Amino acid sequence: MKIDIVSVFPEYFDVLNLSLFGKAQAKGLVEVHAHNLRDWTHDVHHSVDDTPVGGGAGMVMKPEVWAECLDELLGLDSSTSESTTEVDDVSTDSTAAPVLIFPNPSAPLFTQRDATELSHADHLLFGCGRYEGYDARIPEYYRAQGVDVREYSIGDYVLNGGEVAVSVMLEAITRLLPGFMGNADSIVEESYTGANALLEHRQYTKPAQWRGISVPDVLLSGDHGKVDRFRRDEALARTNEIRPDLIERLDCASLDKADRKT
Ligand SMILES: Nc1cc(-c2ccc3ccn(Cc4ccccc4)c3c2)n[nH]1
């Protein structure tokens, strides 16, 4: 998977050369390039923002600078940059067509389902906004050019820019790549995966007794059937208590009879 990230703080992503992500790059699972949006400016101040049309506080990121950058990274012919007519998809090979992703506080929530879908992409291009955000015509223009453009919030809280959100989405996406995580099994069992996402059951390790607190006896029974049932019951109970909204999304057909008694 090729990953391009555009930001006015590209050094923020130096951290991706460490730990698991660094190993994944060394193994050729991912190829990451962080770009400085200011490299596509031409004025002495390297301006990337301007005042909002219609007034209001703060500054908005200029469409021209983003367009020069994105045209280049998307392989779009800049001579067509003035055209607003819809053209064929950016790439005849739909598997190679990049997905252009903008974090945005006023966008749909990024979910595990989105992470799973995007983990199958060949090329992701993330655009990190700052200030009060980017000119709304940027995503509009590239959608009209046939680019698969996504805008996502990562939660109901306000960040200062898109960099943190890109880091969150990148981790959720790339950890699903085959070979990225040491133990593939740990991904399959996780909560939030698939259509029947439940919160995870509580985890314990040795010692069985610690500071007067014991692990649940059933986990010491050696009866895997009972352990599985205990964990499923607890996952359902915890989800019902902490995130009842996830229960509403459960595919009822998949709940086995025992669950319905819980
Ligand atoms: N889930 C989530 C995403 C963001 C986010 C993403 C990109 C940008 C670019 C600029 N800002 C600052 C901003 C704050 C408030 C209103 C508008 C812009 C961003 C915030 N905040 N929270």
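Order of listing sets the numbers, starting from 1, for every ligand and every atom in it. Small disclaimer: the values here were computed from a predicted structure and weren't measured. Atom set for the values below is all heavy atoms of this structure, side chains included, hydrogens, waters and symmetry mates excluded.
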Next item on the list: Would you please say whether a donor-acceptor pair under 3.5 Å links the side chains of Asp39 and His46?
Entry: no
Note to self: With heavy-atom distances below 4.5 Å as the criterion, would you say the side chains of Pro139 and Glu151 are in contact?
What the structure shows: yes
Next item on the list: Below 4.0 Å from any atom of ligand 1, which residues have a heavy atom? Give them in chain and number order, please.
Entry: Pro103, Asn104, Pro105, Gly129, Arg130, Tyr131, Glu132, Gly133, Ser153, Ile154, Gly155, Tyr157, Val158, Leu159, Asn160, Gly161, Gly162
Checklist line | Whether Glu140 side chain and Asp135 backbone form a donor-acceptor pair below 3.5 Å | finding: no
Margin query: The criterion is salt bridge (Lys or Arg N to Asp or Glu O under 4.0 Å); which residues satisfy it with Arg130, sequence neighbours excluded?
Written below: Glu163
Next item on the list: Measure up the Phe102 and Trp66 rings against each other and bin them: parallel (under 30°), tilted (30 to 60°), perpendicular (over 60°).
Entry: perpendicular
Checklist line | Any Ile5 side-chain heavy atom under 4.5 Å of Val32 side chain | finding: yes
